[in-house]
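Worksheet for the structure shown next.
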There are 2 protein chains.
Amino acid sequence: MARKPQTRNPEQTKARILKAARDEFALKGLGGARVDVISRRAGIQKRMMYHYFGNKEALFQIVIEHEYTRFREAEAALEIERQDPVEALKKLVAFTWDYYIAHPEFITLVNSENLHKARHLKASSVLRPVNETFVDRMRALLKRGEASGQFRKGVDAVQLLITLSGVNYHYLTNQFTGEIVYGRKLMTKAARDERLAFNIETILRLVCKEGVM
Amino acid sequence: MARKPQTRNPEQTKARILKAARDEFALKGLGGARVDVISRRAGIQKRMMYHYFGNKEALFQIVIEHEYTRFREAEAALEIERQDPVEALKKLVAFTWDYYIAHPEFITLVNSENLHKARHLKASSVLRPVNETFVDRMRALLKRGEASGQFRKGVDAVQLLITLSGVNYHYLTNQFTGEIVYGRKLMTKAARDERLAFNIETILRLVCKEGVM
DNA sequence: CTAGTATAAATAACTATCTGGTTATTTCAA
DNA sequence: TTGAAATAACCAGATAGTTATTTATACTAG
């Protein structure tokens, strides 16, 4: 009884499922997302999702692998290696901030994954190389800054990366409770600009020698 | 056909529901939590939850109001007003860190509330006074530090509070993806101690004048 | 002090709908 | 003509919320 089947196009079908899944997972979390909603939003039969991805959890895993990879690739494209260390650091903070703002779904997906104790990423092997070069890039930057006399010695790359991510990420992911707790609009243009400047200053004060900033 | 009803004790019944709800919401989020699981864990009939709290969302609202209030009360009990500004700041960072570690459910509940754009807290009026005094306390501390010559001028209390919360909160809520991304154990005793020290340094460098730390 | 009674607390059983996943079938394109 | 791609219809178990009923306790009248 199947009528008017969509012109066959497996790549497009898969892509539409992934996009719809990303949006629904980002909006409701893994637990709140509904397979029926995903298939409706994708404009495909639910059966096709099971055909291409297996089940809801496997779909979630692909989505989060995708989003992580996309983020790291964009970050690598910055080529901070070639720039003055202080400028590179500023640029990295601003990039992270802008990326989170441009891709709010990345943040909610990562939150959801952490609620599930990263069980999907643990089962994945895609990200290991990507992340290693990511940490290595920061180590190299710190070393360059130390050599040039601009950075203090002994700053740990991982701690710094967590803090760099954290000051940006936390402001955005907790913006809704934040507006209530602090009694202030947090996402106006002015508020966002102010926050980015504050975050850059936080990171520079942590890394730079006195008088360099 | 009702047999062996529990000895009547509405306060205890309500308390047991709240505790079970807090645990289940913290573990699965609002979307993933199941009313049946809550009632089973509380050892009560599901009907009683609906009797005392109305529905799942109203129950969630009460839970999160509770947890927020508890946190602010603990923080107020620190009495940072009376201490040396630098010591007070250190103590506040350490308190926040310790509280988050001791109450991981607080973090996941706040995350869940943010996923839902703080719609439950918006509908609540309980927290306004609590939060105002919270921000005021930081303003007073900054002013004292400026007066004593230990702190820089012009540091914004709200930005500082968000960063203080953020560097602690983010490390913990993202610990699971963090261990994968950074390829390092993050929750051993040594790792936790190292992170607390790093966070204290981050905040002090942001606030203190040169040479004070 | 006691028997009766009103009422809130608690229980049991139920339901309409939702949900992730499946079976059976058709259709397009190489 | 054949195999992958797409569709339609279905299902068992779960899920939030309800209805109907029973029972413990506080209170009251005698």
Side-chain angles (χ1 to χ4, degrees), chain A residues 1-64 112 115-116 119-120 123, chain B residues 1-64 112 115-116 119-120 123:
Chain A
M1 262 180 226
R3 288 183 206 161
K4 265 216 280 180
Q6 191 190 335
T7 303
R8 290 178 183 207
N9 193 336
E11 289 315 309
Q12 195 195 65
T13 299
K14 278 190 254 182
R16 294 174 72 176
I17 294 170
L18 278 176
K19 188 176 180 313
R22 186 195 64 193
D23 294 348
E24 169 76 353
F25 284 135
L27 205 61
K28 314 269 186 65
L30 173 58
R34 297 294 163 238
V35 172
D36 287 291
V37 175
I38 292 171
S39 59
R40 207 181 315 133
R41 286 171 78 137
I44 53 102
Q45 283 284 331
K46 183 168 58 165
R47 184 68 186 81
M48 299 314 290
M49 188 281 278
Y50 286 97
H51 180 63
Y52 287 120
F53 298 99
N55 58 37
K56 187 184 174 184
E57 298 252 334
L59 178 60
F60 184 85
Q61 180 175 327
I62 300 282
V63 166
I64 196 149
S112 197
L115 180 64
H116 293 88
R119 116 173 88 95
H120 309 89
Chain B
M1 261 180 225
R3 288 185 207 159
K4 265 216 279 180
Q6 191 190 334
T7 302
R8 290 179 182 204
N9 193 335
E11 290 315 310
Q12 194 194 65
T13 299
K14 279 190 252 183
R16 293 174 73 176
I17 294 171
L18 278 175
K19 188 175 181 317
R22 185 195 65 193
D23 294 347
E24 170 75 354
F25 284 134
L27 205 61
K28 314 270 186 64
L30 174 57
R34 298 294 162 235
V35 172
D36 286 294
V37 174
I38 291 172
S39 58
R40 206 181 318 133
R41 286 172 77 138
I44 52 103
Q45 283 284 333
K46 182 168 55 165
R47 183 69 187 77
M48 298 316 289
M49 187 281 278
Y50 286 97
H51 180 62
Y52 287 121
F53 298 99
N55 58 38
K56 187 183 173 184
E57 298 252 334
L59 179 60
F60 184 84
Q61 181 175 326
I62 300 281
V63 166
I64 196 150
S112 197
L115 181 63
H116 292 88
R119 115 173 89 93
H120 309 90

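Labels below follow one simple rule: chain letters A, B, ... track the order of the sequence lines, proteins then strands, and each chain is numbered from 1.
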So, is [X] near the phosphate of [N], with a side-chain N or O under 4.0 Å from OP1 or OP2?
| X | N | value |
| --- | --- | --- |
| Thr13(B) | dA10(C) | yes |
| Tyr50(A) | dT23(C) | no |
| His51(A) | dA6(D) | no |

Quick one: [X] [atom1] to [N] [atom2], roughly how many Å, whole number?
| X | N | atom1 | atom2 | answer |
| --- | --- | --- | --- | --- |
| Phe53(A) | dG20(C) | CZ | C1' | 17 Å |
| Gln45(B) | dT19(D) | CD | C1' | 14 Å |
| Leu59(B) | dG17(D) | CG | C1' | 14 Å |
| Leu30(B) | dA16(D) | CG | P | 10 Å |
| Gln12(B) | dA8(C) | CD | P | 21 Å |
| Glu11(B) | dA8(C) | CD | C1' | 13 Å |
| Asn9(A) | dT27(C) | CG | C1' | 16 Å |
| Lys14(A) | dA4(D) | NZ | P | 13 Å |

Donor-acceptor pair (no angle test) under 3.5 Å: Arg47(B) side chain, dT21(D) base = no
Do Lys46(A) and dG21(C) have a side chain to base donor-acceptor pair shorter than 3.5 Å?
-> yes
What nucleotide, of [options], holds the atom closest to the side chain of [X]?
| X | options | answer |
| --- | --- | --- |
| Tyr52(A) | dA6(D), dT11(C), dG21(C) | dA6(D) |
| Asn55(A) | dA8(D), dA16(D), dG21(C) | dG21(C) |
| Asp36(B) | dA12(C), dT15(D), dA6(D) | dT15(D) |
| Met48(B) | dT7(D), dA16(D), dA10(C) | dA10(C) |

Side-chain contact test, heavy atoms from C-beta onward, threshold under 4.5 Å: evaluate it for Phe25(B) versus Ile64(B) and give yes or no.
-> no
Side-chain contact test, heavy atoms from C-beta onward, threshold under 4.5 Å: evaluate it for Phe53(B) versus Leu18(B) and give yes or no.
-> yes
Shortest non-hydrogen contact from Ala20(B) to Ile38(B)?
-> CB-O, 3.5 Å
Mapping Arg34(A) and Gly54(A) to their closest nucleotides on DNA chain C, which lands nearer the 5' end?
-> Arg34(A)
Do side-chain atoms of Arg22(B) reach the backbone of Val63(B) as a donor and acceptor pair under 3.5 angstrom?
-> no
Matching residue for Glu24(A) among Lys19(A), Arg41(A), Arg34(A) - test: salt bridge (Lys or Arg N to Asp or Glu O under 4.0 Å) | Arg41(A)
